[in-house]
A.B. asks: 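Next up is a structure, given as structure tokens.
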Number of protein chains: 2
Amino acid sequence: MTEKQTFSISELASEFDVTTRSIRFYEDQGLLKPTRRGQTRIFSTTDRVRLKLILRGKRMGFSLAETKETFDLWDETLSGNEKQLLKMLSILDEKRAHIEQQKADIAMAELEINTREAHCREALAELQKKKQQHESTIEQPGHPAEQS
Amino acid sequence: MTEKQTFSISELASEFDVTTRSIRFYEDQGLLKPTRRGQTRIFSTTDRVRLKLILRGKRMGFSLAETKETFDLWDETLSGNEKQLLKMLSILDEKRAHIEQQKADIAMAELEINTREAHCREALAELQKKKQQHESTIEQPGHPAEQS
DNA sequence: GAGGAAGTTTACGTTAACGTAAAGTGGTTT
DNA sequence: AAACCACTTTACGTTAACGTAAACTTCCTC
């Protein structure tokens, strides 16, 4: 009872930090299906969820076409015969494979980032040491020289 | 002594399953720097590693321009002054943030895939049950009818 | 020496995912 | 009623990352 049920285009745009142009484009491509009041779009909570999925899909490397496919397929699956269900299961397997690849990529990337960071910090420490040596060579601790 | 040190363009292409066109494009954009024998490209193990990084970068949502930036920056960092090193560290932080986002996305995606799979399997089980009921209604276990 | 395989350059074409005007609609605030 | 929103449609422009075709060189083989 306490949750918002409908959203304007600009509400969704600012919430998810995308342009209204993008949202209209997603509708145009059949990914969102807002109703209308006059000519103004009214988005449901379902649209909101789908927008979230679209954006996450993008971050995970899925094209809009792929995301639309899974949306459509899922819609069909809901009232689904056996063939549809089995197809959905096989697609879920593909997604899982994709995810496993991503996990592996991420693990490797993390390793590299860590070794690089270590390398950087070592190099910085080296520089600091040389700096201090240099300072103690040319300058004694004390008050600065008074006017040359 | 036992590892290959140089590679032709088609060797790399087939190893990483990309086209030679792509590899030439990556060179064109400054991501790879093969030497030449005559006009033929000769790729080093460094190039090979970078190609691998390019492809992983793509899978993780980095553009070629971004990947090139980190390559270049890392080259500079090797002979680096303090400023370069600090910049590299801040970029490493950005990458880490990116990775954290990916991890979160992946975790959510996995959850969804699991619930969807469960849903599919339930629906399939329902269908199987109905099928069996139907079969036992219209058909008794026994030998088939002989020629109508 | 004719052909074939693997390499090259040059250059125009393509697709996805929007960006960016331009021009119009509908409500409300002054 | 004038001005100002937020929203709309239509339509051409843009960028990244290659695809694809054409015409050429080298080297090897038959």
Side-chain angles (χ1 to χ4, degrees), chain A residues 4-44 47-48 50-72 98 101-102 105, chain B residues 4-44 47-48 50-72 98 101-102 105:
Chain A
K4 207 158 180 307
Q5 295 297 333
T6 68
F7 311 87
S8 76
I9 192 169
S10 50
E11 280 171 346
L12 288 186
S14 76
E15 175 176 1
F16 293 108
D17 198 32
V18 293
T19 64
T20 58
R21 175 67 177 94
S22 297
I23 295 181
R24 292 196 189 98
F25 183 72
Y26 299 152
E27 180 190 6
D28 209 60
Q29 302 298 306
L31 291 155
L32 300 177
K33 313 198 167 161
T35 59
R36 302 282 179 132
R37 197 179 58 192
Q39 62 175 5
T40 302
R41 275 163 259 252
I42 300 180
F43 295 89
S44 67
D47 290 316
R48 208 184 85 114
R50 291 206 159 183
L51 179 52
K52 203 184 290 187
L53 289 175
I54 292 168
L55 299 176
R56 196 177 69 206
K58 289 194 61 179
R59 289 194 301 269
M60 295 184 62
F62 295 111
S63 71
L64 295 182
E66 284 172 309
T67 300
K68 175 182 160 56
E69 254 201 79
T70 63
F71 283 178
D72 291 353
H98 186 116
Q101 174 69 58
Q102 296 239 104
D105 287 339
Chain B
K4 208 158 181 304
Q5 296 296 333
T6 68
F7 311 86
S8 77
I9 193 168
S10 51
E11 281 172 344
L12 288 185
S14 75
E15 176 175 2
F16 293 107
D17 196 33
V18 293
T19 64
T20 58
R21 175 67 175 92
S22 297
I23 295 181
R24 292 197 189 97
F25 183 72
Y26 299 151
E27 179 191 5
D28 209 59
Q29 302 298 306
L31 290 155
L32 300 176
K33 312 199 168 162
T35 59
R36 304 280 179 134
R37 198 180 57 194
Q39 64 175 4
T40 302
R41 275 163 258 252
I42 300 178
F43 295 88
S44 67
D47 290 316
R48 208 183 85 114
R50 292 207 159 183
L51 180 52
K52 202 183 293 187
L53 290 175
I54 291 168
L55 299 176
R56 197 177 69 206
K58 288 194 63 179
R59 289 194 302 271
M60 296 185 62
F62 295 111
S63 71
L64 295 182
E66 284 172 310
T67 301
K68 176 182 160 53
E69 253 201 79
T70 63
F71 283 179
D72 291 352
H98 186 119
Q101 174 69 55
Q102 297 239 105
D105 287 339

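Protein chains get the first letters and strands the later ones, always in sequence-line order, with residue 1 at the start of each.
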A.B. asks: When rounded to the nearest 0.5 angstrom, what distance separates CG in Leu31(B) from CG in Leu51(B)?
C.D. replies: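 So the gap between those two atoms works out to 10.0 Å.
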A.B. asks: Looking only at side-chain atoms of Lys58(A), point me to the closest of dC18(D), dC7(D), dC18(C).
C.D. replies: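 Per side-chain heavy atoms of Lys58(A), the pick is dC18(C).
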A.B. asks: Does the dT9(C) base have a donor-acceptor partner in the side chain of Arg24(B) within less than 3.5 Å?
C.D. replies: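 Counting by modelled atom types and ignoring angles, no donor-acceptor contact under 3.5 Å is found here.
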A.B. asks: Mind checking if Arg37(A) touches a base, just sugar-phosphate, or nothing, with heavy atoms under 4.0 Å?
C.D. replies: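 The answer is nothing, as Arg37(A) stays clear of every strand by at least 4.0 Å.
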A.B. asks: Which one, dA17(D), dT8(D), dG7(C), comes nearest to the side chain of Gln39(B)?
C.D. replies: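 Within the option list, the nearest is dG7(C).
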A.B. asks: Taking 4.0 Å as the cut-off, does a side-chain nitrogen or oxygen of Ser22(A) come that near to OP1 or OP2 on dG19(C)?
C.D. replies: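 Ser22(A) to dG19(C) OP1/OP2: side-chain N or O found under 4.0 Å.
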A.B. asks: Step through the shown structure and confirm whether more than 12 heavy atoms of other residues, nucleotides or ligands are within 6.0 Å of CZ on Arg37(A).
C.D. replies: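 Count not over threshold, so no.
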A.B. asks: Over all strands shown, is Arg41(B) touching base, sugar-phosphate only, or nothing at heavy-atom distances under 4.0 angstrom?
C.D. replies: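 It contacts sugar-phosphate atoms only.
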A.B. asks: Both Arg21(A) and Phe43(A) contact DNA chain D. Which one's nearest nucleotide lies toward the 5' end?
C.D. replies: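 Its nucleotide being nearer the 5' end, the pick is Phe43(A).
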A.B. asks: Can you find a side chain N or O atom of Ser10(B) that sits less than 4.0 Å from OP1 or OP2 on dA5(C)?
C.D. replies: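 Indeed not, no polar side-chain atom of Ser10(B) lies that close.
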A.B. asks: Mind checking Thr20(A) for me? I need base, sugar-phosphate or nothing, with any heavy atom below 4.0 Å counting as a touch.
C.D. replies: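 Nothing, no heavy atom under 4.0 Å.
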A.B. asks: Rounded to whole angstroms, how far apart are CG on Asp28(B) and C1' on dT9(C)?
C.D. replies: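 Computing the Asp28(B):CG to dT9(C):C1' distance gives 11 Å.
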A.B. asks: Let's see if you can work this out: which of dA17(C), dT8(C), dA17(D) has an atom nearest to the side-chain heavy atoms of Ser63(B)?
C.D. replies: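 Nucleotide nearest to Ser63(B)'s side chain: dA17(D).
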A.B. asks: OP1, OP2 of dG19(D) versus side-chain N and O of Thr19(B): anything below 4.0 Å?
C.D. replies: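 For Thr19(B), the contact criterion (side-chain N or O under 4.0 Å from OP1 or OP2 of dG19(D)) is met.
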A.B. asks: Please pick, from dA11(D), dG7(C), dC18(D), the nucleotide with the shortest atom-to-atom distance to any side-chain atom of Phe25(B).
C.D. replies: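 Ranking dA11(D), dG7(C), dC18(D) by closest atom to the Phe25(B) side chain puts dC18(D) first.
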A.B. asks: What is the separation between atom NZ on Lys68(B) and atom P on dA16(D), rounded to the nearest whole Å?
C.D. replies: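 Result: 13 Å.
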A.B. asks: For Arg48(A) and Lys4(A), run side-chain contact (heavy atoms from CB on, under 4.5 Å): C-alpha distance rounded to whole Å, both residues' side-chain angles, the deciding distance at 0.1 Å, then the answer.
C.D. replies: CA-CA 11 Å; Arg48(A) 208 184 85 114; Lys4(A) 207 158 180 307; over 6 Å; no
A.B. asks: What's the closest nucleotide to the side chain of Arg36(B) if the choices are dG7(C), dT9(C), dC18(D)?
C.D. replies: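 Selected nucleotide: dT9(C).
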A.B. asks: Going from CD1 on Ile9(B) to CZ on Arg41(B), what distance comes out if it is rounded to the nearest 0.5 angstrom?
C.D. replies: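 Here the rounded value is 5.0 Å.
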A.B. asks: Can you check the Tyr26(B) OH to dG19(D) C1' distance for me, whole Å?
C.D. replies: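 Going from Tyr26(B) (OH) to dG19(D) (C1'), I get 13 Å.
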A.B. asks: Take a 6.0 Å sphere around CD of Glu69(A) and say whether it holds more than 12 heavy atoms from other residues, nucleotides or ligands.
C.D. replies: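 Check fails, neighbour count at 12 or below.
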A.B. asks: Rounded to whole angstroms, how far apart are CD on Glu66(B) and C1' on dT15(D)?
C.D. replies: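 These atoms are roughly 14 Å apart.
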A.B. asks: Rounded to whole angstrom units, what separation is found between the CZ atom of Phe62(A) and the C1' atom of dA17(C)?
C.D. replies: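 Rounded to whole Å, this separation is 17 Å.
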